[in-house]
Amino acid sequence: MSDRDELLQRRHRLLGRNSPLFYDKPLNLVRGDGVWVHDADGRAYLDVYNNVPCVGHCHPHVVEAIARQTATLNLHTRYLDENLLAYAERLTSSFDASLNAMMLTCSGTEANELALRLARFVTGGQGIIVSDLSYHGNSTILAALTSCFPTGEPFPSYARAVKVPDPAHDRQHRSDDELATAYARHVQEAVDSLQSEGIKVAALLIDSFFANEGLPDRVPGYVEQAVEIVRRAGGVFICDEVQSGFARTGDAMWGHQRTRVTPDIVTMGKPMGNGYPVAAMVTRREWIDRFGLASHYFNTFAGNAVAAAAGMAVLDVIERQDLLKNSHQVGAHVRAGLEKLATKHPIIAGVRGRGLFFGVELVRPVNRAPADEETKQIVNRMRDNGVLISRTGRYNNVLKMRPPLVFSADNADHMLSVLDDVLRSYG
Ligand SMILES: Cc1ncc(COP(=O)(O)O)c(C=O)c1O
């Protein structure tokens with residue numbers, strides 16, 4: 001039995017057979033540096049998938065900050081901690097002035113749970129609106145709201161799911177304004193439907209980049225109109241920045257800053273500690289004060305001294321290495337390269353994404369049907385050729401690429417050339 005088969009058997013025995021694994025031939029990765037990861041046999045893979053190690057795998061500045069603080073003190077937030085406050089000051093300063101205080105959590109799930117609790121508290125409503133292909137976390141409520149993959153919990157009666165704006169499929173010669181209004185109408189219908197059952201709207205919970213929804217191109221004006229409708233009904237806008245935050249989109253530090261809307265509540269996580277569990281909810285101080293008076297909130301590990309050190313070190317690197325600019329510039333280079341591949345390979349129906357986050361939609365050239373099986377094969381072939389990507393989308397036919405932000409133009413050229421080779425066998 002090979003080492004991999006043996007590990008797989010042990011895993012099935014210990015973690016269950018259905019604990020998700022990437023690739024037909026799962027990888028046993030043992031080391032990482034920058035945009036590279038290495039398996040147990042010493043083979044290197046270009047990581048074009050992982051956004052959590054946003055400043056690169058094992059970045060020495062982050063490793064050093066975590067190690068130093070671990071060796072000094074690591075306690076929860078019920079003591080004064082100047083480092084945590086310095087971190088909170090620095091992080092909140094990247095938002096609109098109205099978003100001036102934060103509560104820390106350990107995961108994006110916890111941040112979204114807290115955001116829903118807060119939204120219900122400040123609005124007095126219960127109704128929640130999400131997209132019809134969303135994922136915001138794995139708690140009981142968030143699992144029930146999930147629609148981009150199956151969960152055991154039924155979709156709740158207090159929630160409505162609205163159609164994801166997807167101009168590549170729905171444009172039908174309409175202008176951006178017409179499209180935005182058409183999609184926003186679904187939000188109005190959701191509000192009306194909740195109200196007709198006596199349910200007051202508490203929140204619209206969306207990722208303005210629609211990362212789990214297959215990364216459709218932005219419809220300018222949609223988020224603005226949707227938020228206005230929800231606010232008019234007395235609800236608030238929770239913007240999930242777990243994927244689109246921290247310079248990922250290349251235009252601004254936060255995905256919502258590409259729109260003209262300031263959210264009421266922002267949630268974040270994944271890249272925040274480069275792999276150390278740090279997540280948060282940022283909102284108005286006044287709401288946090290009122291909520292804290294009514295609900296005692298404590299989270300043992302959230303915002304502990306090491307989490308604050310990790311978060312601060314990530315911000316240092318994003319700034320010092322100007323990773324926002326890198327995300328913008330290398331992102332534009334990748335997108336141009338992918339669009340060139342689209343002119344050569346008829347299986348490519350379209351390229352989406354901004355900054356260092358891309359989707360490549362694949363269809364069967366004969367009938368334009370979603371090429372889900374081929375997409376799966378291509379992801380596996382890329383892995384066999386040393387490049388790690390994944391797939392997403394309503395039909396699982398969109399290649400998903402989302403490398404660490406230190407991805408260079410050379411890395412991009414390498415990825416593009418491997419993809420070009422792999423796509424040659426698909427017509
Ligand atoms: C948009 C979005 N929100 C929230 C979450 C949940 O974050 P976590 O896995 O840290 O709980 C995820 C995780 O994939 C996500 O993609």
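Note that ligands are numbered from 1 as they come in the structure, with each ligand's atoms numbered from 1 the same way.
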Practice item. Mind telling me whether Tyr135 and Phe149 have parallel, tilted or perpendicular rings, with 30° and 60° as the class edges? Key: tilted
Review point. How would you list, by chain and number, every residue that makes a side chain to side chain donor-acceptor pair (under 3.5 Å) with Ser19, sequence neighbours excluded?
Key: Arg11
Review point. Got a donor-acceptor contact below 3.5 angstrom from the Arg218 side chain to the Arg258 backbone?
Key: yes
Exercise for review: May I ask you to decide whether Arg90 forms a salt bridge with Asp316, counting only side-chain N to carboxylate O separations under 4.0 Å?
Suggested key: yes
Review point. Around ligand 1, what residues show up once you keep those with a heavy atom under 4.0 Å from it?
Key: Ser107, Gly108, Thr109, Asn112, Tyr135, His136, Gly137, Asn212, Asp240, Val242, Gln243, Lys270
Check your understanding: Which pairs pass side-chain hydrogen bond (donor to acceptor under 3.5 Å, both in side chains) with one or both residues in residues 387-398, sequence neighbours excluded?
Key -> Asp132-Arg394
Exercise for review: Could you note down all residue pairs passing side-chain hydrogen bond (donor to acceptor under 3.5 Å, both in side chains) where residues 111-124 supplies at least one of them, sequence neighbours left out?
Suggested key: Asn112-Asp240, Asn112-Thr267, Glu113-Ser139, Arg120-Gln126
